Amino acid sequence: MGAVNALPSKGIFDSANLEAREHVVELLCEAYWMEIETVMSYISASVNLDGVRAQEVKESLGKDVEEELGHAKQFAARIKELYGVVPGSEEFSAEQSFLQPPEEQTDIVHVIRGVIKAETGAIEHYTKIIAETEGVDPVTQDMVIEILRDEQGHRRLFEGFLREYEVAGIA
Ligand SMILES: [Fe+2]
Ligand SMILES: [Fe+2]
C-alpha cells in the first residue's frame, strides 16, 4: 500500500473515488433541475402578475431568471467535468406545485411565498451538497458555496417583500 499512497491523488477524479463522483453527479443533476424549474416559474410569475404593487416583484423575478439560468449552466458544466451526462428533458419532473400561477394575477403574496419556498428548497439542497463534498470535491463545494450565497440573497429580498405586505396587513 505504501507505493500506492505515494502516488499523487487525483481527488474526486481518482478511480478509487468513482462512487463518490457518481454521488456528486446525482446531487448536481438534482440541483440542475431545481434551477431549470425555477427559471420556468420565475418567467411566468414575472409576466403574469398584475397591479401597481406587482412591478417591483416582477422586475426582481425577471432579473433572477437570468441568475437562475446561470446557475443551471454552472451545474451542467460541473456535471460534464465529473464525467456525468447532463440529463435530457424527459427526465424532468416538476416539484414546484407552490409556484403555479395564482387564481388572481394580483395575488402577489402567493408568488412571494412561493419564491421564498423555492429559495429555501435550493438553500437546503445546496447546503447538503456543501456538506457532502467536504474533503471530497472542493471544486464543486466552492462553486456551490457561491451559488448558495445568491439563493440566500434572493430569499432575503423576498422576505423583505413579504414583511412589507404583513405590515400593511395584506399578507
Ligand atoms: Fe439558483
Ligand atoms: Fe434563487
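One-based numbering, in listed order, for ligands and for the atoms of each. Values in this document were obtained by computation on a predicted structure and should not be read as measured data.
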Answer yes when Arg78 and Asp137 have at least one side-chain N-carboxylate O distance shorter than 4.0 Å, and no when they do not.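 Salt bridge: yes.
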Salt bridge check, Glu146 against Arg149: does any charged N sit closer than 4.0 Å to a carboxylate O?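 Salt bridge between Arg149 and Glu146, a charged N being under 4.0 Å from a carboxylate O: no.
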Between atom CZ of Arg21 and atom CG of Leu82, what is the distance when rounded to the nearest 0.5 Å?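 Atom-to-atom, Arg21:CZ and Leu82:CG are 7.5 Å apart.
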pair [X]-[Y]: side-chain heavy atoms closer than 4.5 Å:
| X | Y | answer |
| --- | --- | --- |
| Arg113 | Phe98 | no |
| Glu151 | Glu35 | yes |
| His125 | Leu27 | yes |

Please determine whether Glu151 has a backbone or side-chain N, O or S atom lying under 2.8 Å from the Fe ion (ligand 2).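 Of the N, O and S atoms in Glu151, at least one lies under 2.8 Å from the Fe ion (ligand 2), which means yes.
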Asp64 near the Fe ion (ligand 2) via N/O/S, less than 2.8 Å: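 It does not: Asp64 brings no N, O or S atom closer than 2.8 Å to the Fe ion (ligand 2).
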Using a distance threshold of 2.8 Å, state whether an N, O or S atom of [X] lies below it from the Fe ion (ligand 1).
| X | result |
| --- | --- |
| Glu67 | no |
| His71 | yes |
| Asp150 | no |

Closest to the Fe ion (ligand 2), which N/O/S atom of His154 is it?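 This residue's closest N, O or S atom turns out to be ND1.
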Glu68: which N/O/S atom is nearest the Fe ion (ligand 1)?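 It is OE1, the N, O or S atom of Glu68 closest to the Fe ion (ligand 1).
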